[in-house]
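What follows is a single structure, written as structure tokens, with notes after it.
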Amino acid sequence: EVQLVESGGVLVQPGRSMKLSCAASGFTFSSFPMAWVRQAPTKGLEWVATISTSGGSTYYRDSVKGRFTISRDNAKSTLYLQMDSLRSEDTATYYCTTGNWFAYWGQGTLVTVSS
Amino acid sequence: DIVLTQAPLSVSVTPGESASISCRSSKSLLSSKGITSLYWYLQRPGKSPQLLIYQMSNLASGVPDRFSSSGSETDFTLKISKVETEDVGVYYCGHRLEYPYTFGAGTKLELK
């Protein structure tokens, strides 16, 4: 059974940093691109970033480019999202999801950016 | 960026009846490989999204065949036949043609 378990979401002040993790199991992690998708409270889904199987290629939405870094450790089957210079508009539940189809989703972790 | 416009924003359906949700793209979603890069997701209340349909018309694993999807290069329809209680939630269309990947605003399905 595919499992994705996100962690690391907390309340943080604007301008600070945070790192999210997503522990994967039940599939060959290294064979799939991975992505982060977020959902602001009461809002819709928003793609954030994607990373290739090796980690050699990464893609970001414009609003997080230069502030967020997606990475992965295939030996640990874990996906990461380093978030720097956080803004109030980054407040959202962050989901990790698999492949380009977004076939499987974690339960999400809530990031709140507020002073 | 590709804009996906869903309609209606909400729909109320009697259990056992059918429902249709439209998704219109600002750009053709037909890729150079001949694949139409349109996906449908359902987010039940308080839950994570789940994949329903991939590449416009293919049912994801475990999804009942009451769900179907069709369309052209820019206009798509998700149909749910014989709506059940478990179908309540918000339906999103999304594309994977190019970055940035985008989603529609969502259509909320509720029961009468």
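Both backbone and side-chain heavy atoms feed into the values below; hydrogens, waters and symmetry mates do not. Sequence lines set the chain letters: A, B, ... in the order given, protein chains first and strands last, and positions in each chain run from 1.
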Shared hydrophobic cluster for [X] and [Y] (ILVMFWY, side-chain gaps under 4.5 Å):
{"X": "A:Val10", "Y": "A:Tyr94", "answer": "yes"}
{"X": "B:Leu51", "Y": "B:Val90", "answer": "yes"}
{"X": "B:Tyr91", "Y": "B:Val11", "answer": "yes"}
{"X": "A:Tyr104", "Y": "A:Trp36", "answer": "yes"}

Highest number of heavy-atom pairs under 4.5 Å with chain B: which of A:Tyr59, A:Trp101, A:Trp105, A:Tyr60?
-> A:Trp101

Among the listed options A:Val48, A:Thr50, A:Val37, A:Leu45, the residue most often paired with chain B at heavy-atom distances under 4.5 Å = A:Leu45

Verify the neighbour count for atom [atom1] of [X]: are there more than 12 heavy atoms of other residues, nucleotides or ligands below 6.0 Å?
{"X": "A:Arg67", "atom1": "CZ", "result": "yes"}
{"X": "A:Arg16", "atom1": "CZ", "result": "no"}
{"X": "A:Tyr80", "atom1": "OH", "result": "yes"}
{"X": "A:Lys65", "atom1": "NZ", "result": "yes"}

Just checking heavy atoms, which of residues 92-112 of chain B are less than 4.5 Å from chain A?
-> B:Tyr92, B:Arg96, B:Tyr99, B:Pro100, B:Tyr101, B:Phe103

Rounding to 0.5 Å, atoms CG (A:Asp62) and CG (B:Asp1) come to a distance of 6.5 Å

With sequence neighbours excluded, tell me which residues meet side chain to side chain contact (heavy atoms under 4.5 Å, CB included) with A:Ser7.
-> A:Ser21

At their closest point, which heavy atom of B:Ser48 faces which heavy atom of A:Gly106, and how far apart are they?
-> OG-O, 2.6 Å

Do B:Gln43 and A:Gln39 come close enough that some side-chain heavy atom pair is under 4.5 Å?
-> yes

With side-chain contact (heavy atoms from CB on, under 4.5 Å) as the test, would you mind laying out the steps for A:Phe102 and B:Tyr39 before giving the verdict?
-> CA-CA 9 Å; A:Phe102 300 174; B:Tyr39 299 75; over 6 Å; no

